[in-house]
Protein chains: 2
Amino acid sequence: MQPRQRRKVPEGELCAVCSDRATGYHYGTPSCNGCKTFFRRTIVSGHTFVCQYNGNCDVNKNVRCACRHCRFNKCLAVGMDARAIQNDRDRIGPTKKFRMEKRNSSGEEDQISVTSSSPQQRPADDKVIENLTGIEQLCNTLRSCVMVESKNVKETLMSPCLLYRMNTLEPDPSTTFRNLYPASMEDIKMWNIRELRLGLEWVKTFEEFVKLSESDQMALVRNFAFTFNILNRVYYSGDYGPDKIVYPSGAYILRQAQDSVKIPGCRSIYHRQMDEIMIPFRKLDVSIHEFAAFKAVLLFNPDACELSAEAKPDVQRERTKYLSALFYYISTKYGLHHGVQKYGQLLMMAPSIQNIIDQNDENMQVMEVFEHIWRIDSFVKELCMR
Amino acid sequence: MQPRQRRKVPEGELCAVCSDRATGYHYGTPSCNGCKTFFRRTIVSGHTFVCQYNGNCDVNKNVRCACRHCRFNKCLAVGMDARAIQNDRDRIGPTKKFRMEKRNSSGEEDQISVTSSSPQQRPADDKVIENLTGIEQLCNTLRSCVMVESKNVKETLMSPCLLYRMNTLEPDPSTTFRNLYPASMEDIKMWNIRELRLGLEWVKTFEEFVKLSESDQMALVRNFAFTFNILNRVYYSGDYGPDKIVYPSGAYILRQAQDSVKIPGCRSIYHRQMDEIMIPFRKLDVSIHEFAAFKAVLLFNPDACELSAEAKPDVQRERTKYLSALFYYISTKYGLHHGVQKYGQLLMMAPSIQNIIDQNDENMQVMEVFEHIWRIDSFVKELCMR
DNA sequence: GGAAACCGGTCAAAGGTCAG
DNA sequence: TCTGACCTTTGACCGGTTTC
């Protein structure tokens, strides 16, 4: 078992799911015997339930059996973690009637249950996710550090990765939260540049990325830079409701963008960032692990414009690697049936994101036409102009 | 469930109410299935009965149904405890075993549902795929039929679906293959219109689509029409190598589009249709089942522009339905490990497709500016112009 | 080494189903 | 309609393993 913290459940502690008396910490959450068993059975069987009502049924001791969909959702919501479910209890004991005899040739027997894991696969996938998550957290620290802005894109790609030299960096007070205030054009520009620079440091942590030729690196980065920017902006936005994107500094953008940040001739894409990315992320309850893996999938885009034909197979292979890791992470956490749905829904956010990025590109073209008014930073230009 | 004690009912114990064979302790009293169920239903429904006689009717196995008043009184008299009755539970779905009609010697599917359970599971998914495939094949026949072009989009959406009236239609000789030849602008226009009309017939086969309001139908259709067009074009293109898209008539488009079909000011998107859709489809060996399900996923886009907020949840639910069905189809066919990869790769084609569609939209804008030269068909305009 | 904590397994007894 | 044989689901309890 994982080194889960062993704690004593306080006398009188209640089940986080149904408020019955908790019998201990089960799957990481104080819970009663009923909810504990219900959660395990649901994961192991892979059952998926459909709410007969609106998906917001009450769950308490008296009615906990009334809607299995909402009960299971509550289990997940209060933090029950399916990874604490053990599937190989019979490693020594001969209690189990039938053992999965062997996976010779066909290998089809693992079609259905998550529990019959392919042993060589999951540890590797876990490692991948763990690694991505670590990088993600480093990134979150770097976001609030002083970053020199002297280098251009190519120079930055060639330089050693800042994420591994964080001890040499100092916090930047202009990034820290004081209070909410409407973002100015300057705020938005500052955060764009900062996030794009962060993105360059981030991509350098991928071994397979660094192996690519300079021009292939540029192709992937130019394809991905603004996606990285927008995804981080909305994912790490403070949650002040569905109508505000809030930067770490407290600067916010409203659904109906303030006049001061509107650009004539450009269609606002902020409301779409909220409706099609921020809200779905929150609804899907995307964890930092899933978020990091999703970004890796998007970075390794074999269809990136100007990517060389030679690099495509490698890029595709990396994408597949992160897709698999993401799937195993999600299906282990949520069970196969729910996992399949969450995985599908997450991936199907990609076309909407692409569409928003395309709209942004178009806006940049417009801004370029009025260059004398809306000067686009040269760094941003290098990364985002076609 | 508050079992007072864990005890087994002794062999040959009789029902305390009617002296039938007891199946266990129910509500604190050894009783038969009939009296157990009768007691619960009476309590839950709140019915009160009146005795037709003197209130002292005999209650035994043979006459226990004669007087419900006296049966219920006896239940109480022998100690059945209404406090052991619980609240309503969730539905559990069909309990009768059903056989898969497919003949399959390997007996593997017994793993899946030895005893069936919740309403939506694999058999439902199979049905979904089967249904989509049937429609897909009807579509392929309709593609080569004479189609009147008199109606506009809304009228077409209101009319009965042609796919169910194919016997009234005649083959259109202009669609049949004679020989390969370079497509003219007229060929391309003709096939665009034909495929878009086909798309309107196709969407009408979706029950959930037809249920939507007129404006929501329009939102989905306008979002999806050109995707349907391009996907069918490349999926059903004859395979004459990676550099040709070939219409059923034999008209072909080259990777480097012929001058005759180039539009000044517009970026060619044909090579991208080949590289990012046609070739991946072939590499992934996408079957007609998978292709049909993938299109259904793309049709039900909850982020479609101008889709009403009320319709979003329904659209999302449909998307999830087809995502699940697609996954189960693929994972059954390829096994979990390879299935996950194929599923992920297929879904991740969506952003590239979106990008191509966006480029096409932009081209349409350009064409519109030169309207006097490139007249866009009004039907196409209705479906594809923003 | 022993107690505490939490894992999965068990099965009597709840509720749900659907021909008859 | 109501009934009840037959089905699934539930959860208190148990033994085993791991962690202090």
Side-chain angles (χ1 to χ4, degrees), chain A residues 1-10 13 15 17-18 20-45 47 49 61 64-66 68 71-72 80-97 115, chain B residues 1-9 15 17-18 20-45 47 49 61 64-66 68 71 80-98 113-119:
Chain A
M1 222 193 109
Q2 295 296 85
R4 178 178 298 285
Q5 183 98 22
R6 270 183 116 80
R7 319 158 268 193
K8 185 163 180 163
V9 62
E13 172 97 31
C15 170
V17 180
C18 74
D20 197 356
R21 189 180 59 83
T23 62
Y25 286 86
H26 302 295
Y27 313 110
T29 302
S31 42
C32 67
N33 272 322
C35 292
K36 163 195 136 178
T37 309
F38 172 76
F39 183 69
R40 182 183 66 250
R41 278 205 275 249
T42 302
I43 295 291
V44 169
S45 72
H47 268 122
F49 308 118
K61 177 172 160 44
R64 65 187 173 202
C65 294
R68 291 176 291 168
R71 188 184 191 183
F72 182 68
M80 280 195 172
D81 186 351
R83 282 169 301 179
I85 289 178
Q86 308 168 345
N87 31 4
D88 284 328
R89 289 295 297 269
D90 63 333
R91 209 180 302 252
I92 302 162
T95 17
K96 216 172 172 183
K97 324 263 188 304
T115 57
Chain B
M1 185 163 66
Q2 293 99 290
R4 27 229 85 211
Q5 227 166 309
R6 208 179 170 92
R7 53 190 174 165
K8 201 162 197 159
V9 65
C15 171
V17 181
C18 73
D20 196 356
R21 190 178 61 81
T23 61
Y25 288 86
H26 302 295
Y27 312 109
T29 304
S31 42
C32 67
N33 268 323
C35 291
K36 161 195 135 178
T37 309
F38 172 77
F39 182 70
R40 181 181 65 245
R41 281 208 269 251
T42 303
I43 297 287
V44 168
S45 69
H47 274 135
F49 308 118
K61 177 171 162 44
R64 65 189 173 201
C65 294
R68 293 187 287 168
R71 189 186 189 183
M80 281 196 170
D81 185 353
R83 287 171 302 176
I85 287 178
Q86 308 170 350
N87 284 307
D88 276 0
R89 290 200 186 159
D90 202 357
R91 299 266 135 83
I92 62 174
T95 54
K96 295 288 178 208
K97 297 186 183 183
F98 57 89
S113 60
V114 188
T115 53
S116 89
S117 41
S118 120

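The shown structure was predicted, so the numbers you read here are calculated from the model rather than taken from an experiment.
Distance CG (B:N33) to P (D:dT3): 14 Å, rounded to an integer number of Å. Residue A:R21 contributes atom CZ, which lies 12 Å from atom C1' of D:dG11 at whole-angstrom precision. With rounding to whole Å, B:K36 atom NZ is found 12 Å from D:dC6 atom P. If you measure from atom NE2 of B:H47 to atom P of D:dT1, you get 11 Å, rounded to the nearest angstrom. Separating the CG atom of B:N87 from the C1' atom of C:dA14 is a distance of 12 Å, rounded to the nearest angstrom. Distance, B:I43 CD1 to C:dG15 P: 11 Å, rounded to whole Å. In this structure, B:F38 places its CZ atom 18 Å from C1' of D:dA5, rounding to the nearest Å. Summarising the geometry, the separation between CD on A:Q86 and P on D:dT18 is reported as 8 Å, rounded to the nearest angstrom.
For the side chain to side chain contact (heavy atoms under 4.5 Å, CB included) with B:F39, the lone residue among B:V17, B:V44, B:I85 that qualifies is B:I85.
Contacts of B:C32 with the nucleic acid, taken as non-hydrogen atoms under 4.0 Å apart, are absent.
Residue B:Y27 has a polar side-chain atom (N or O) positioned under 4.0 Å from OP1 or OP2 of C:dG15. Between B:R89 and C:dA14, a side-chain N or O to OP1/OP2 separation shorter than 4.0 Å is absent. Contact between the side-chain N/O atoms of B:R64 and the OP1/OP2 oxygens of D:dG4 is found at a separation under 4.0 Å.
For the pair B:C15/B:K36, no side-chain contact is recorded, criterion being any heavy-atom separation below 4.5 Å from C-beta on. Side-chain contact between B:D90 and A:R71: absent, with no pair of heavy atoms (C-beta onward) separated by less than 4.5 Å.
With D:dC6, C:dT17, D:dG11 as the choices, the nucleotide that has an atom nearest any side-chain atom of B:R41 turns out to be C:dT17. When distances run from any side-chain atom of A:I85 to the nucleotides C:dG8, D:dT10, C:dC7, the shortest one goes to C:dG8. Among C:dA14, D:dG4, D:dT10, the nucleotide with an atom closest to any side-chain atom of B:T37 is D:dG4.
With hydrogens and angles ignored, a donor-acceptor pair closer than 3.5 Å exists between the side chain of A:R40 and the base of C:dG9.
Residues satisfying the side chain to side chain donor-acceptor pair (under 3.5 Å) test with B:T42, not counting sequence neighbours, are none. With sequence neighbours left out, B:R64 forms a salt bridge (Lys or Arg N to Asp or Glu O under 4.0 Å) with B:D20.
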